[in-house]
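The structure appears right after this line, and notes come after that.
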Amino acid sequence: MNMVRDLATIEAVGVEIAGARDGLAAIQQPGCAAVIWRRQPDPGFQAWIDALPPDLLPRARMILRPEELRDALLELRDEQGVPDGAERAWLLQDIEGLTRTFLKLIPAPFLRLRLEAVSTNRCRKFHVDTVTARLLCTYRGTGTQYGISADGAEPRPIVTVPTGAPIVLRGTLWPEAPRSGLVHRSPPIEGTGQTRFVLVVDPITDPDEEY
């Protein structure tokens, strides 16, 4: 039996579905383990990023202050050879917009921003991140998968976040207890020929500890 489903089929307890950007604020509500902004990717942008050769997908792993974000993205744009055009401009604007929205909800003096092109089974085990909260957005390929785990067992069913839909998840450092049991993973894609492109944003209090 296929136990991997999408949002149209099932929603896990504690996961809110937002119809607009400001709905991501639901992560602050008691009992909300995650919130998904269910938006539809622009067909033109999706066709562009799906067709982009994997070696041209932008890559980054940086810790910076929020006020440094725009300059860092502009530098990334100029250094990595991503083809110029309206789609590239939209991608960078969206990364900046999602990051700033997230930091309004989870304020922090620093942020860790990652842009990853993934073609292996990285992070395929279900887990909870050791952060206060994390924002994920899969711009290309299969989205993040989640479910409710009982006693550490693999969740059943497994729900897949739609491509292009941002999700904010609470981590182990979130002060509310008890935990919901919600766990997530990167989908296993090794051997499929698929390359995912993912944005990851974490709030950081002390960058020295992270380094």
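Heavy-atom basis, side chains included; hydrogens, waters and symmetry copies ignored. Bear in mind the structure is a predicted one, so any value in this text is a computation, not a measurement.
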Given V15 and L182, is the side chain to side chain contact (heavy atoms under 4.5 Å, CB included) satisfied, shown in steps?
CA-CA 9 Å; V15 178; L182 187 80; 3.8 Å; yes
Are [X] and [Y] connected in the hydrophobic side-chain network, where two residues link if heavy atoms are under 4.5 Å apart?
X	Y	result
V161	V198	yes
I27	V201	yes
L56	L115	yes

Supply the atom-to-atom distance [X] [atom1] to [Y] [atom2], rounded to the nearest 0.5 angstrom.
X	Y	atom1	atom2	result
L135	F102	CG	CZ	6.0 Å
S149	H184	OG	NE2	13.0 Å
L173	I106	CG	CD1	11.5 Å
W174	S180	CH2	OG	12.0 Å
F126	I158	CZ	CD1	4.0 Å
R196	L57	CZ	CG	12.0 Å

Among L136, T138, I95, side chain to side chain contact (heavy atoms under 4.5 Å, CB included) partner for L199:
I95
So which of L169, V168, I17, L24 actually passes side chain to side chain contact (heavy atoms under 4.5 Å, CB included) with I36?
I17
Between [Y] and [X], is there a side-chain heavy-atom distance shorter than 4.5 Å?
X	Y	result
T160	P187	no
F110	L103	no
P58	F197	yes

Could you work out, with side chain to side chain donor-acceptor pair (under 3.5 Å) as the rule, every residue matching T144, not counting sequence neighbours?
none
Contacts of T163 meeting side chain to side chain donor-acceptor pair (under 3.5 Å) (sequence neighbours excluded), chain-then-number -> none
Sequence neighbours excluded, every pair satisfying side chain to side chain donor-acceptor pair (under 3.5 Å) that has a member inside residues 19-31
R21-T101
Show every ring-ring contact (aromatic ring centres under 6.0 Å, His included) that has at least one partner inside residues 51-71, sequence neighbours left out.
none
With [X], which residues qualify under side-chain contact (heavy atoms from CB on, under 4.5 Å), at least two apart?
X	answer
S119	T195
A72	M62, L64
E190	T120, N121

Short side-chain to backbone donor-acceptor contact, [X] and [Y], under 3.5 Å:
X	Y	value
R39	A20	no
R38	G19	no
H127	V183	no

A quick test of your reading: do over 12 heavy atoms of other residues, nucleotides or ligands sit less than 6.0 Å from CZ of R65?
no
Salt bridge (charged side-chain N to carboxylate O under 4.0 Å, His left out): which pairs involve [range], sequence neighbours left out?
range	value
residues 66-77	R70-E96
residues 52-64	none
residues 108-120	R112-D202, R112-E210, R114-E116, E116-R122

Which atom names give the shortest non-hydrogen contact between [X] and [Y], and what distance separates them?
X	Y	answer
I148	P155	O-CB, 3.2 Å
E16	C32	CG-SG, 3.6 Å
P66	P109	CD-O, 3.2 Å
V128	R170	CG1-O, 4.0 Å
T132	P203	CB-CG, 4.4 Å

Taking only residues two or more places apart in sequence, or in another chain, which ones meet D84 in a salt bridge (Lys or Arg N to Asp or Glu O under 4.0 Å)?
R88
Decide side chain to side chain contact (heavy atoms under 4.5 Å, CB included) for V159 and Q145; before the verdict, give the C-alpha distance in whole Å, the side-chain angles of both, and the deciding distance to 0.1 Å.
CA-CA 5 Å; V159 188; Q145 296 179 330; over 6 Å; no
Show which side-chain atoms of residues 40-53 pair as donor or acceptor with protein atoms under 3.5 Å away, not counting sequence neighbours.
unit_1	atom_1	unit_2	atom_2	d
D42	OD2	G44	N	3.0
D42	OD2	F45	N	3.0
Q46	NE2	D50	OD1	3.1
Q46	NE2	Y139	O	2.9

